[in-house]
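Numbered from 1 within each chain, the chains take letters A, B, ... in sequence-line order.
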Number of protein chains: 2
Amino acid sequence: MQEYIEIFKALSDETRLRILNLLHSAQTALCVCEFTDALEIPQYNVSRHLKILRNAGLITVRKEGRWVYFSLSTSSDSFYQAILEAIKHIPSTLLLKDHKEIDKRLNVRIDGKCLLGIQKKHLQGKSKPIPTTGGLTK
Amino acid sequence: MQEYIEIFKALSDETRLRILNLLHSAQTALCVCEFTDALEIPQYNVSRHLKILRNAGLITVRKEGRWVYFSLSTSSDSFYQAILEAIKHIPSTLLLKDHKEIDKRLNVRIDGKCLLGIQKKHLQGKSKPIPTTGGLTK
DNA sequence: TGTATAGTTGCGCTACCATGCAACTATTGT
DNA sequence: ACAATAGTTGCATGGTAGCGCAACTATACA
């Protein structure tokens, strides 16, 4: 029973619902930096939410070098299929900006791969060197 | 988007999942005391969880005098239908005791109505006179 | 080997949530 | 009118979850 509760808890967050919707609408695996730019949420939080979804069995992971691609699970489990169906019925009008932003990112893929990293640099973790014109550094 | 999150949050609790499963398997409206006996959870907590489910639009209420009967929503909304489908796919083997206990309660209904109140008296609120052989009273 | 990049995780803080207890309200029966 | 019963809710407590910050790890490039 706890695994079902864990799945519902994984779905009880706006960011995670947006992530699942992006995966559904994009129809392709996405990496953390694509989610980061599309959702406009800091990379470390995107990573966290992806981990929660993975632990709940809702998404799967494919690593390519240092890139990690996330996809909707392809499980045929009836419960999971019904959950996926429910998510598909969340009106896409609520996620227009997400869809628009992910399309932008997918348009700059090369050979179906992400090569740009995070474009919206303010969403990277602070320990990364953020290119600035002068200003404070740690 | 918040309404979908609220629904998933309503589903993120074991007691509320058991309540929905009881309503699904019983195929009839149930009252608080029937839930209380079947789930073996204090009446005031059953009442609380029922309120959360009602606020999320997952169940509906019918009052008959001082009795309140709760039913699964009959909404035709696609999202809701998919959620209900998911709940139906939670293995009933996980809820055998609940099913057995609710059958007991339904068997003592008269004309389809609950007339007994809570049978497991330790689950009533403490401010009620609990029949005891001696012992402390407030 | 050192640097850069993609991604992950620990810590502390704040807000949220479930529960127990007790008091409460609404309705009905005496 | 009072008592009983079904059901609801306020308060306090403890546990859970999301976030910001910063440090970290894994992998690839120079």
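Both B:L94 and B:I102 are part of a single hydrophobic cluster, where members link through side-chain heavy atoms under 4.5 Å apart. Note on B:L30 and B:L58: same hydrophobic cluster, where clusters join Ile, Leu, Val, Met, Phe, Trp and Tyr whose side-chain heavy atoms are under 4.5 Å apart, directly or indirectly.
Taking a 4.0 Å limit (strictly below) on heavy-atom distances, residues 21-42 of chain A reaches DNA chain C at A:C31, A:V32, A:C33. Only B:K9, B:D13, B:R16, listed by number, bring a heavy atom of residues 8-17 of chain B to less than 4.0 angstrom from any atom of DNA chain C. For the segment residues 107-114 of chain A, the set of residues with a heavy atom within less than 4.0 Å of an atom of DNA chain D is empty. DNA chain C lies under 4.0 Å from no heavy atom of any residue of residues 53-60 of chain A.
Atoms CD and CG, on B:Q27 and B:L22 in that order, are 12.0 Å from each other to the nearest 0.5 Å. Interatomic distance, CG of B:L20 versus OG of B:S25, reported as 11.0 Å (0.5 Å rounding). The CZ atom of A:R48 sits 11.5 Å away from atom CZ of A:R16, with the distance rounded to the nearest 0.5 Å. In this structure, B:L53 CG and B:L11 CG are separated by 7.5 Å, a value rounded to the nearest 0.5 Å.
Nucleotide C:dT19 holds its P atom 15 Å from the CD atom of B:Q43, rounded to whole Å. With rounding to whole Å, B:H122 atom NE2 is found 16 Å from C:dC21 atom C1'. Rounded to whole Å, atom C1' of C:dC17 lies 13 Å from atom CD of B:E6. Computed from coordinates, the B:Q124 CD to C:dC21 P distance equals 15 Å when rounded to whole Å. What separates NZ of B:K51 from C1' of C:dT25 is a distance of 13 Å, to the nearest Å. Rounded to whole Å, the distance from CG on B:L115 to P on D:dT5 is 14 Å. To the nearest angstrom, P of C:dG7 lies 6 Å from CH2 of A:W67. Look at CG on B:L50: it is 11 Å from C1' on D:dT8, rounded to the nearest Å.
Applying the side-chain hydrogen bond (donor to acceptor under 3.5 Å, both in side chains) test to A:K88 and every residue at least two apart in sequence or in another chain returns nothing. Evaluation of the side-chain hydrogen bond (donor to acceptor under 3.5 Å, both in side chains) rule for A:R66 yields no partner, not counting sequence neighbours. Residues satisfying the side-chain hydrogen bond (donor to acceptor under 3.5 Å, both in side chains) test with B:D13, not counting sequence neighbours, are none. Applying the salt bridge (Lys or Arg N to Asp or Glu O under 4.0 Å) rule to A:E6 yields no partners; only residues at least two apart in sequence or on another chain are considered. Every residue two or more places apart in sequence or in another chain was checked for a side-chain hydrogen bond (donor to acceptor under 3.5 Å, both in side chains) with B:N21, and none qualifies.
Under the 4.5 Å side-chain criterion, counting only non-hydrogen atoms from C-beta, B:I90 is in contact with A:M1. Looking only at side-chain heavy atoms (C-beta outward), A:I59 and A:R54 come within less than 4.5 Å of each other. Here the side chains of B:L50 and B:I19 are in contact, with some heavy-atom distance below 4.5 Å.
For A:S47 and C:dG7, the shortest distance from a side-chain N or O to OP1 or OP2 is not below 4.0 Å. Residue B:N45 places none of its side-chain N or O atoms closer than 4.0 Å to OP1 or OP2 of C:dA18.
Out of C:dA18, C:dT9, D:dT8, the shortest distance to the side chain of B:H49 is found at C:dA18. In the set D:dG18, D:dG7, C:dA18, the nucleotide with an atom closest to the side chain of A:I52 is D:dG18. Considering only side-chain atoms of A:Y44, the nucleotide from D:dC21, C:dG7, D:dC19 that sits closest is D:dC21.
Applying the ring pair (Phe, Tyr, Trp, His ring centres under 6.0 Å) test to pairs two or more places apart or on separate chains, those with a residue in residues 66-106 of chain B are B:Y4-B:F79, B:F8-B:F79.
Taking five base pairs at each end of the helix from C:dT1-D:dA30 to C:dT30-D:dA1, the local helix axes there meet at an angle of 10°, rounded to 10°.
Side chain of A:R18 to backbone of A:L39: a donor-acceptor contact under 3.5 angstrom is found. Proximity of a side-chain donor or acceptor of B:E101 to a complementary backbone N or O of B:F35 within less than 3.5 Å is not detected.
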Identify the pairs formed between an N or O of the protein and an N or O of nucleotides 27-30 of chain D at a distance under 3.5 Å, and give each distance.
from	atom 1	to	atom 2	distance (Å)
D:dA28	O4'	A:R66	NH1	3.2

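Under the side-chain hydrogen bond (donor to acceptor under 3.5 Å, both in side chains) test applied with B:E34, the options B:R109, B:Q119, B:K104, B:R105 reduce to a single match, B:R109.
Side-chain atoms of B:R48 come within donor-acceptor range of the base of C:dG20, with a qualifying N/O pair under 3.5 Å.
B:C33 and B:C114 get closest at one heavy-atom pair: SG-SG, 3.5 Å.
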